Amino acid sequence: MDQKRNRSVGHRCLILAVLLGFIFGCKEDKKLEVEDIVEVIEEPEEVIEFGFKIEDYVVKRDTIRSGDSFGEILERNHVGYPKIFNIAEKAKDTFDIRRLQVGKPYTLLCAKDSLETPKCFIYQPNLENYVVINFQDSIHAYTSTKPITYVEKTATGIISSNISETLQEQGLSPRLAYKMADEIYAWTIDFRRLQKGDRFKVIYTDKFIDDTIYTGVHNIKAAYFEHNKEPFYAFEFVTDSTKGIVDYFSEEAKNLRRAFLKAPVKFSRISSRYNLKRRIAVYGFKLRPHRGTDFAAPIGTPIMATANGTVTRSEKRGGNGNYVKIRHNATYETQYLHMKKRKSKVGEFVKQGDVIGWVGMTGNTGGPHVCYRFWKNGKEVDPFKQKLPEAKPISDSLKIKYLQFIEPIKAQLDNIHFLEDVFEEQNQPEHTIKQNNNSISFNR
């Protein structure tokens, strides 16, 4: 009753304030419209969060701190240990309360009483998912996911120095650069040697949580990259829906991926290439062959297996530091040196892209990097000079389906114009460009 009475009094005061504002603040010839008052006193929209009507509770938000536990958090908020134990026991099949991580947010929904007694504990292990432990009536726990929205967008760009700068100038996500360089065109285009005037256009999807939290680029649906005047198309296609296998193919259904990734770390910089004639000043310019390729990256950067295979070594030894070696088949082996920490163990089967360790500075190294070594028939070789096997091609049964699938997507991609082409055509006399209801739309 008190809340309703206070709300009613508040509304009357608000109406009075609005009336006074119109009387004293408006010109004499302006009439007071009833709609103006009605609009002001409309009830606010209900706020629903985590499936709860927030205004029904006292909401307390915080993050897990060092030393915090589920029990200590509830005890600080006037919940006794017998009840805490009961809650934990009944919730353990859904969520292990010992898995709370420092820095992760949590929310307490509390009763509107003098003690503000907690009725519900909500924990967010990441941006998308949350765990609800509800104990206001019976005790029950469950996990859920926030609403996720995917927004399709397009972008074009012309390289002036490198792709990262081109994207940055347009306010686009740097993840587009990584996905194009390391996922789509890794074996087709060397992004470290792009030419001025190379250009691209992409159809991609941005991901949003709760329609407001931008979490980055979700995927690239299709891409076109013009390198040295040569066009390269790429289309995303699911080849195995059961296993969730997705690859990129050309307009002729050729797989753009190879059996090996081009680099064991994402979008890194090659600091030293394979060179059997290398001489180093520190060693008096003596011949010091380098039988690996060094990829510079910050300490802690994940190191990935470049192809499927079985781990044959995982140890720390001399100048190699922490390293992992993988046999891929009877022909190929790879090795990854100077790790901060190893993840994979001897005998373990790893897949292409699996994390096997993290970049470090163990062994003989002057800076954080991974030395990537490559064996072919028992001999160390330069992987960038090998004609490596292609990934599994698309099956004949899927090829027809694929070509039908990409037809409208390719048309959509081809109808995205580069700005310089638009300006050039607009400057030509008696020439008009028509697209999308007589207008050209650029989404950036």
Side-chain angles (χ1 to χ4, degrees), residues 153-170 172-205 217 219-237 239 246-274 293-297 304 306-307 352-353 372 374 382-394 402 406 409-410 412-414 416-421:
K153 298 182 179 180
T154 65
T156 66
I158 300 174
I159 305 299
S160 55
S161 57
N162 60 62
I163 190 168
S164 295
E165 286 187 12
T166 302
L167 292 171
Q168 186 177 4
E169 287 170 0
Q170 298 187 52
L172 296 169
S173 170
R175 184 161 173 77
L176 281 173
Y178 156 68
K179 291 186 81 69
M180 282 193 284
D182 282 19
E183 290 186 4
I184 300 176
Y185 294 114
W187 285 101
T188 311
I189 301 170
D190 187 348
F191 274 66
R192 298 173 183 86
R193 298 184 179 183
L194 293 178
Q195 303 295 316
K196 186 176 181 180
D198 285 354
R199 55 189 193 170
F200 63 88
K201 45 188 174 181
V202 293
I203 304 170
Y204 66 100
T205 304
V217 176
N219 73 318
I220 291 180
K221 178 179 175 181
Y224 169 91
F225 209 105
E226 196 174 292
H227 175 55
N228 285 333
K229 305 297 183 182
E230 184 178 358
F232 296 91
Y233 282 93
F235 300 93
E236 183 185 49
F237 186 68
T239 55
V246 179
D247 266 325
Y248 285 91
F249 299 85
S250 71
E251 73 275 26
E252 298 172 347
K254 183 179 180 181
N255 198 328
L256 298 182
R257 184 168 59 85
R258 295 292 186 271
F260 287 83
L261 297 177
K262 208 163 189 176
V265 284
K266 294 180 178 179
F267 205 59
S268 58
R269 174 180 61 87
I270 294 179
S271 55
S272 180
R273 291 183 178 271
Y274 180 96
T293 304
D294 292 347
F295 292 88
M304 302 176 294
T306 54
Q352 184 182 75
Y372 176 57
F374 197 95
D382 184 351
F384 292 97
K385 293 183 178 179
Q386 306 305 308
K387 188 175 181 180
L388 296 171
E390 294 183 356
K392 186 178 179 180
I394 196 168
Y402 168 78
I406 70 166
I409 303 173
K410 185 176 183 297
Q412 180 186 359
L413 193 62
D414 289 340
I416 301 171
H417 294 269
F418 292 104
L419 284 173
E420 62 173 9
D421 292 344

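Just so it is clear, the model here is predicted, and its values are computed rather than measured.
- Atom NZ of Lys221 sits about 13.5 Å away from atom CZ of Phe237, to the nearest 0.5 Å.
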Check the pair Ile159 / Gln195 against side-chain contact (heavy atoms from CB on, under 4.5 Å), numbers first and verdict last.
CA-CA 7 Å; Ile159 305 299; Gln195 303 295 316; over 6 Å; no
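- No side-chain donor-acceptor contact under 3.5 Å links Glu236 to the backbone of Tyr248.
- In this structure, the side chain of Gln170 engages the main chain of Thr156 through a donor-acceptor pair within 3.5 Å.
- Residue Glu226 holds its CD atom at 8.5 Å from NZ of Lys201, rounded to the nearest 0.5 Å.
- Annotation: the span from Glu183 atom CD to Arg175 atom CZ amounts to 6.0 Å, rounded to 0.5 Å.
- With a 4.5 Å cut-off on side-chain heavy atoms, Leu176 and Ile220 count as touching.
- Judged purely by atom type and a 3.5 angstrom limit, Asp198 uses its side chain to pair as donor or acceptor with the backbone of Asn228.
- Taking each heavy atom of Lys410 and Glu251 in turn, the nearest pair found is CE-CB, 4.3 Å.
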**Study point:** Steps toward side-chain contact (heavy atoms from CB on, under 4.5 Å) verdict (Leu172, Val217)
**Key:** CA-CA 10 Å; Leu172 296 169; Val217 176; over 6 Å; no
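- Minimum interatomic distance between Phe235 and Ala222 (heavy atoms only, all atoms of both residues): CD2-CB, 3.7 Å.
- Side-chain N or O atoms of Gln168 include none that pairs as donor or acceptor with a backbone N or O of Pro174 at under 3.5 Å.
- The minimum heavy-atom distance linking Ala234 with Ile184 is given by the pair CB-CG2, 3.4 Å.
- In this structure a side-chain-to-backbone donor-acceptor pair under 3.5 Å is present from Tyr402 to Phe249.
- Taking the side chain as every heavy atom from C-beta outward, Leu256 and Phe232 never approach each other to under 4.5 Å.
- In this structure, Ser164 and Ala177 approach most closely via the heavy-atom pair OG-CB, 4.2 Å.
- Enclosure of atom CD in Gln386 by more than 12 non-hydrogen atoms of other residues, nucleotides or ligands within 6.0 angstrom is indicated.
- If you check the side chains of Thr306 and Tyr372, you find a donor sitting under 3.5 Å from an acceptor.
- The shortest heavy-atom contact between Ile189 and Lys262 is O-NZ, 4.4 Å.
- Between Ile394 atom CD1 and Asn255 atom CG the span is 8.0 Å, to the nearest 0.5 Å.
- Closest of all the heavy-atom pairs between Glu169 and Ser160 is OE2-OG, 4.3 Å.
- When each of Tyr224, Phe200, Phe225, Tyr185 is tested with Tyr233 by the rule ring-ring contact (aromatic ring centres under 6.0 Å, His included), just one qualifies, namely Tyr224.
- Using a 4.5 Å heavy-atom threshold, the side chains of Phe384 and Ile270 count as touching.
- Note that OG1 of Thr188 is 13.0 Å distant from CE of Met180, once rounded to the nearest 0.5 Å.
- Contact check for Pro383 versus Phe260: no side-chain heavy atoms found under the 4.5 Å cut-off.
- Going from atom CD of Gln412 over to atom CD1 of Ile203 covers 3.5 Å, rounded to the nearest 0.5 Å.
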Let's go through Ile416 and Val202 carefully: what are the C-alpha distance in whole Å and the side-chain angles of both, what is the deciding distance for side-chain contact (heavy atoms from CB on, under 4.5 Å) to 0.1 Å, and is it a yes or a no? CA-CA 9 Å; Ile416 301 171; Val202 293; over 6 Å; no
